Amino acid sequence: MTTSPVHGTWEPQPAARWEDAFLSGNGHHGTLVFGDPNDDRVIVTHHTLVRPDGDPRHRRPPQLAAGLPALQDRLLSGDLTAAEGFTDGRPLQWVQPFHPAFQVRLRRAGGTALRYRRSVDFTTGEATAAGGGWTSRVFVSRADDVIVQHVTAPHLTLDLSLDPRLPGAPEGLGVGHGAVLTPEGALLSLRARYPGSDRAYTGVTLVAVTGGTTKLVPPGVHVAGAEAVLLLTRVRRHTGELDVVAEGRALRDLLTAASYDDLLDRHLALHRTAYQRVTLDLAADPAERALPGSELIKRPRSAALTERLFAAGRYHLLSASGLNPPRLTGLWTGEWDTAWSGAFTHDANLNLQTASAAAAALPEVTEAHAALIHRQLPDWRDNARAVFGTRGVVAPAHSDGESGHSYHFSREYPLHLWTAGADWLLKPLVDHDETRGGRDPRTAAALAEVALFYEDFLTRTDEDGHLTIVPSYSPENRPANASWGAINAAMDLSAARHALLTAAEYHPEHADRWRALADRLPPHRINADGALAEWAWPGLEDSYDHRHLSHLYGVWPLDEINPYDTPGLAAAAHRALKLRGAENDSAHGHLHHALIAARLRDAGRVAHALGNVLDGDFFHASLMSAHYPNRDVYNADAAHTLPAVLIEMLVQSTPDRLVLLPALPAAYPAGELKGVRTRFGAEVDLTWSPRETRAVIRPNRAHRIELTTFSGTQLLDLVAGEDHVLRLETR
């Protein structure tokens with residue numbers, strides 16, 4: 001490539017809406033930076049901040065196991081509304097909602113900022129705003145877990161405070177402020193206690209001023225005539241009282257040992273190293289690459305926009321992952337009324353957002369994902385016992401990051417009946433193990449528990465002797481002629497088979513037993529339309545117009561159905577994809593569609609699904625996305641999933657196969673993708689043009705793979721440490 005993509009974005013004006021504020025984060029703390037020189041606001045978030053919603057006993061799974069045999073009898077006898085009564089009568093209850101902490105606010109005398117520009121550098125994580133001699137730089141340190149802001153200007157005079165007044169904050173939120181002067185600077189604190197709860201959170205900011213004077217003006221400080229102001233901020237969620245003095249001392253110790261540049265350097269050793277592992281260059285127009293993001297998103301078919309969204313997606317995904325993987329809103333929100341509680345939604349959204357982690361060389365994302373799972377495994381065991389009366393584990397469809405109990409369900413969304421979640425959530429951990437060439441014992445243990453669940457749960461058979469999954473649920477759809485809880489959803493079949501076979505690979509001592517159980521599951525069903533049916537049970541009719549594509553789980557993310565090994569099933573899956581509607585145009589539905597189309601080698605359908613998102617005005621100026629077209633409902637699905645789609649259309653891998661350019665849209669005739677990781681332990685650089693395609697494969701272990709390209713299929717013997725270079729005539 002003759003030019004380089006832009007690894008950042010910029011705007012010529014401050015953000016007027018929190019949705020357009022530039023983002024930084026380290027997977028624990030997050031910031032939304034407005035960049036206004038006269039009213040500089042930085043909204044602070046933290047993954048632990050979820051609002052308590054009352055008695056924790058209400059967040060327990062329903063005790064339904066005693067009634068399960070009777071429910072199974074009724075469903076198998078043809079009563080396909082039976083599952084509607086399989087409940088303990090509770091109303092629909094959402095998980096505890098995610099919310100922001102407060103905003104750090106710096107007000108100074110009004111004036112025109114000449115040559116104003118705000119930007120975010122994806123390689124450093126810095127959000128910068130500058131104009132008229134004033135500069136503000138903000139980043140969230142991965143090394144020191146602290147929010148760092150540095151403001152400079154000639155004769156800097158400003159008022160600084162921690163402001164809890166954000167949209168939707170609940171009545172009765174008990175807020176207390178503290179402000180003291182120390183030799184190192186002013187120490188500001190804000191404590192907020194949730195209404196009707198013993199839980200609270202506290203923010204602490206150390207304000208170090210160079211030059212000028214600092215005066216306490218409770219609840220903040222007034223700075224006059226300074227050269228620079230450096231702020232260090234942390235948030236802690238807690239019960240009882242927090243030792244603000246100790247928190248302040250920790251910040252003072254950090255400041256004493258390091259300057260802004262020192263703190264940034266320590267952060268870059270972790271952040272920049274991760275961000276730069278993979279890059280995408282689509283040979284975009286240099287003039288378009290130079291545009292601000294708000295102008296570039298008005299050119300939805302611009303290769304420069306796709307490049308920037310790929311870069312922004314990896315940046316935001318990395319920045320949102322640490323303590324937890326990304327929520328529905330990543331790590332960010334500017335208001336308390338977060339859509340769908342800002343939850344971790346496991347029946348599609350989280351899985352889509354983290355889809356690129358292995359291939360895009362972001363093990364930090366997978367490690368955050370694994371941390372959430374392993375913290376919650378005891379709750380998953382409770383779900384299995386309470387609802388199904390089994391050993392093992394069942395994952396919930398929603399989580400707030402604290403509880404892994406399954407308690408969010410209703411008649412229309414009987415999510416407590418969904419049994420495929422554990423397999424889908426563990427799949428990225430298996431991909432990670434394949435990529436690095438080693439098996440994590442924690443993943444092995446969790447897979448064994450999933451297999452134990454199926455041993456106890458799979459007890460009913462059909463007239464042909466196949467095991468049946470009953471009750472069964474296909475998120476978040478229902479048969480056209482039956483109720484939501486049914487029998488043999490395609491996703492449940494694929495998940496059960498995959499979980500048992502994968503657990504068998506990790507545990508050879510139990511392999512025969514678990515493989516035999518998997519072999520007794522029924523095959524997928526092809527319906528009268530020639531499509532893979534969403535329910536493999538005779539008489540259940542498909543409902544095609546839906547945002548979820550749960551029934552094609554066997555195509556993506558699994559490798560169960562593919563054009564190479566199972567061409568007949570792949571054709572039926574392709575027919576099912578063609579028949580699927582978009583329902584309400586959710587971004588996750590379009591990009592899920594694109595991922596499946598890429599696996600089925602349908603470049604036209606990938607391009608169409610991508611076009612629905614790029615043309616639909618889904619992206620804010622921050623390059624964070626929305627759930628619906630026209631930037632409706634702040635949501636990270638599109639932003640975080642788009643890199644996975646772009647990688648899948650260019651490079652796909654299994655433990656034994658590499659596929660190059662399986663679904664390249666015509667809109668991208670030339671480009672370069674560097675650093676992609678494969679599940680057979682190699683790094684791949686791919687360059688393509690209308691004339692030639694070149695791939696460099698850098699294996700870290702010896703392996704024989706099957707290489708599939710537009711020129712056909714061949715076997716390659718890879719040797720650790722020896723680059724394998726391929727040159728092909730592009731078709």
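None of these values were measured; they are calculated from a predicted model.
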Closest approach of Trp424 to Ala348 (non-hydrogen atoms, all atoms of both residues): CH2-CA, 3.6 Å
Leu162 side chain reached by Val104 side chain, heavy atoms, under 4.5 Å: yes
Residues Ser161, Asp163; criterion side-chain hydrogen bond (donor to acceptor under 3.5 Å, both in side chains); working and verdict: CA-CA 6 Å; Ser161 63; Asp163 182 359; 5.7 Å; no
Ion pair check, Asp285 and Arg289, cut-off under 4.0 Å: no
Euclidean distance, Ser653 OG relative to Arg677 CZ, rounded to 0.5 Å: 12.0 Å
Phe34 ring center within less than 6.0 Å of Trp18 ring center: no
Contact check, side chains of Leu32 and Leu23, non-hydrogen atoms, under 4.5 Å: yes
Polar contact flag, side-chain donor to acceptor under 3.5 angstrom, His627-Asp632: no
Aromatic Phe98 / basic Arg327 pairing, under 6.0 angstrom, 45° off normal: yes
Audit row: Glu126, Arg137, salt bridge (charged side-chain N to carboxylate O under 4.0 Å, His left out) steps and yes/no: CA-CA 6 Å; Glu126 282 182 293; Arg137 301 161 68 192; 3.1 Å; yes
Short side-chain donor-acceptor distance under 3.5 Å, His7 and Asp121: no
Side-chain H-bond candidate by donor/acceptor type, Tyr668 with Thr306, under 3.5 Å: yes
Atom of Trp332, atom of Gly30 and distance for their closest heavy-atom approach: NE1-CA, 3.8 Å
Ion pair Glu19/Arg631, N-O distance below 4.0 Å: no
Contact check, side chains of Pro14 and Pro37, non-hydrogen atoms, under 4.5 Å: yes
Distance flag, aromatic centroids of Phe344 and His398, threshold under 6.0 Å: no
Minimum heavy-atom distance between Arg308 and Thr9, given as atom pair plus value: NH1-OG1, 3.1 Å
Side chain to side chain, Val606 and Leu610, heavy atoms closer than 4.5 Å: yes
Flag side-chain contact, heavy atom, 4.5 Å: Gln103 against Leu166: yes
Over all atoms of both residues, closest heavy-atom pair of Ala636 and Thr329: CB-C, 4.0 Å
Straight-line distance of Ile297 CD1 to Phe618 CZ, nearest 0.5 Å: 12.5 Å
Validation row, ring centre Phe122 to ring centre Phe310 under 6.0 Å: no
Between Gln353 and Thr641: side-chain donor-acceptor atoms closer than 3.5 Å: no
Verdict with supporting geometry, Glu672 and Arg694, salt bridge (charged side-chain N to carboxylate O under 4.0 Å, His left out): CA-CA 9 Å; Glu672 183 176 59; Arg694 181 177 184 270; over 6 Å; no
Salt bridge (charged side-chain N to carboxylate O under 4.0 Å, His left out) between Arg105 and Asp39, worked out: CA-CA 7 Å; Arg105 196 160 194 169; Asp39 186 6; 2.7 Å; yes
Aromatic contact, His588 with His548 (centres under 6.0 Å): yes
Approximate separation, where rounding is to 0.5 Å, of Ser625 OG and Asp637 CG: 6.5 Å
Asn612-Asp585 side chain donor-acceptor pair, cut-off 3.5 Å: no
Distance-minimising heavy-atom pair for His551 and Ala576: NE2-CB, 4.0 Å
Note, Trp336 side chain near Pro97 side chain (heavy atom, < 4.5 Å): no
Distance-only side-chain donor-acceptor flag, Asn351 / His346, under 3.5 Å: no
Interatomic spacing from CG in Asn635 to CG in Asn349 - rounded to 0.5 Å: 6.5 Å
SB check Glu683 Arg277 (cutoff 4.0 Å): no
Taking every non-hydrogen atom, the tightest pair across Asn477 and Ser543: ND2-O, 3.0 Å
Distance flag, aromatic centroids of His29 and His46, threshold under 6.0 Å: yes
Nearest-0.5 Å distance that lies between atom CG in Leu595 and atom CE in Met649: 11.5 Å
His590 side chain near His608 side chain, heavy-atom distance below 4.5 Å: no
Ring geometry between His271 and Tyr275 (parallel below 30°, tilted from 30 to 60°, perpendicular above 60°): parallel
Side-chain donor-acceptor contact under 3.5 Å, Ser622 with Asp20: no
Pairwise side-chain contact, Arg118 with Thr128, heavy-atom cut-off 4.5 Å (strictly under): no
Salt bridge (charged side-chain N to carboxylate O under 4.0 Å, His left out) evaluation trace for Lys674 with Asp281: CA-CA 9 Å; Lys674 298 182 67 175; Asp281 183 336; over 6 Å; no
Glu648/Arg599 salt bridge by N-O under 4.0 Å criterion: yes
Whether Tyr260 and His150 hold their rings parallel, tilted or perpendicular, with breakpoints at 30° and 60°: parallel
Interatomic spacing from CD in Glu11 to CG in Leu291 - rounded to 0.5 Å: 10.5 Å
